[in-house]
Amino acid sequence: MKQIKTLLIAAILILGASQTINAQAKTAHVDVSDIMTKMPAMIDAQKQLEKLSATYDADYKKMAEEFQAKLKLYDADATKVTDAVNAERQKEVQDMQKRIQDFGQNAQKELQTKQEEITKPIYEKVRASIQKVGKAKGFQYVLDGSTLLLADGPNLTADVKKDLGF
């Protein structure tokens with residue numbers, strides 16, 4: 001009787017352990033940053049953003065050069081004009097400086113907005129592909145491999161790239 005109880009307990013423990021093993025979720029990982037940086041649409045988006053940034057930089061540089069030229073001219077003429085004219089020029093220079101700062105801040109905001117606008121659909125496409133590949137391969141969880149400290153599961157990065165066509 002004692003042996004039957006021991007065998008029964010051992011069988012329950014073995015059956016319970018196998019159920020626990022079967023209940024574990026299937027997990028894989030994918031390197032989203034690798035996919036995003038090598039994706040042709042993202043490369044095109046980066047070129048677009050660089051072109052826009054270069055335009056803003058050129059405009060900013062032109063404004064700064066005009067500011068410096070005007071400042072130099074006003075400094076050279078400061079002793080030749082009245083105090084009222086110097087006060088007016090000082091106000092004009094301060095206004096120019098404020099416009100240049102505002103332009104730089106607005107350009108930065110616009111670049112950030114444009115980047116989000118351009119990259120969001122690309123990221124959504126990548127995310128949909130990851131879900132598609134993960135489900136097709138029977139995984140319940142797919143983790144972003146760029147932040148993993150340990151990645152023993154399968155890497156789906158190549159499969160997702162293939163699904164996206166590159």
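Quick note: residue numbers are just sequence positions, from 1.
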For residues 55-67, dump all side-chain donor-acceptor pairs below 3.5 Å to protein atoms at least two apart in sequence or in another chain.
from, atom 1, to, atom 2, distance (Å)
Thr55, OG1, Lys51, O, 3.1
Tyr56, OH, Glu110, OE1, 2.3

Output the distance between atom [atom1] ([X]) and atom [atom2] ([Y]), rounded to the nearest 0.5 Å.
X      : Y      : atom1 : atom2 : result
Ile130 : His29  : CD1   : NE2   : 12.5 Å
Glu124 : Ser129 : CD    : OG    : 12.5 Å
Gln68  : Met96  : CD    : CE    : 9.5 Å
Met42  : Phe166 : CE    : CZ    : 11.0 Å
Leu164 : Lys38  : CG    : NZ    : 13.5 Å

Partner set under side chain to side chain contact (heavy atoms under 4.5 Å, CB included) for [X], not counting sequence neighbours:
X      : result
Asp77  : Leu73, Lys80, Arg89
Glu92  : Lys70, Tyr74
Thr157 : Val30, Asp31, Asp34, Ile35, Asn155, Lys161
Thr82  : Ala84, Val85

How close do [X] and [Y] get, counting heavy atoms only, and between which atoms?
X      : Y      : result
Ala78  : Asn86  : O-ND2, 2.9 Å
Val142 : Gly134 : CG2-CA, 4.1 Å
Ile122 : Ala41  : CD1-O, 3.6 Å
Val160 : Val126 : CG1-O, 4.5 Å

Report summary line: Going by chain and number, the hydrophobic cluster around Ile43 (ILVMFWY, side chain to side chain under 4.5 Å) further includes none
Query - Flag, side chain of Thr113 to backbone of Lys109, donor-acceptor distance under 3.5 Å - result: yes
Requested in this report: Would you confirm whether Thr119, through its side chain, and Gln115, through its main-chain N or O, come within 3.5 Å as a donor-acceptor pair?
Outcome: yes
Requested in this report: Take Val133 and Phe139 through the side chain to side chain contact (heavy atoms under 4.5 Å, CB included) test and state the conclusion after the steps.
Outcome: CA-CA 9 Å; Val133 170; Phe139 292 103; over 6 Å; no
Requested in this report: Please check if atom CD in Gln108 has more than 12 non-hydrogen atoms from other residues, nucleotides or ligands closer than 6.0 Å.
Outcome: no
Query raised in the report: For atom CD of Gln112, is the number of surrounding heavy atoms from other residues, nucleotides or ligands below 6.0 Å larger than 12?
Result: no
Restricting to salt bridge (charged side-chain N to carboxylate O under 4.0 Å, His left out), what partner residues turn up for [X], sequence neighbours left out?
X      : result
Lys98  : Asp102
Glu117 : Lys114
Asp95  : Lys91

Requested in this report: Decide whether Leu71 and Phe103 are clustered together by the hydrophobic rule: side chain heavy atoms of Ile, Leu, Val, Met, Phe, Trp, Tyr closer than 4.5 Å, transitively.
Outcome: yes
Requested in this report: Using side chain to side chain donor-acceptor pair (under 3.5 Å) as the criterion, list what pairs up with Lys162, not counting sequence neighbours.
Outcome: none
Query raised in the report: Which residues pass the side chain to side chain donor-acceptor pair (under 3.5 Å) test with Asp83, sequence neighbours left out?
Result: none
Report summary line: Quick note, salt bridge (charged side-chain N to carboxylate O under 4.0 Å, His left out) partners involving residues 126-138, not counting sequence neighbours, are Lys132-Asp163, Lys137-Asp159
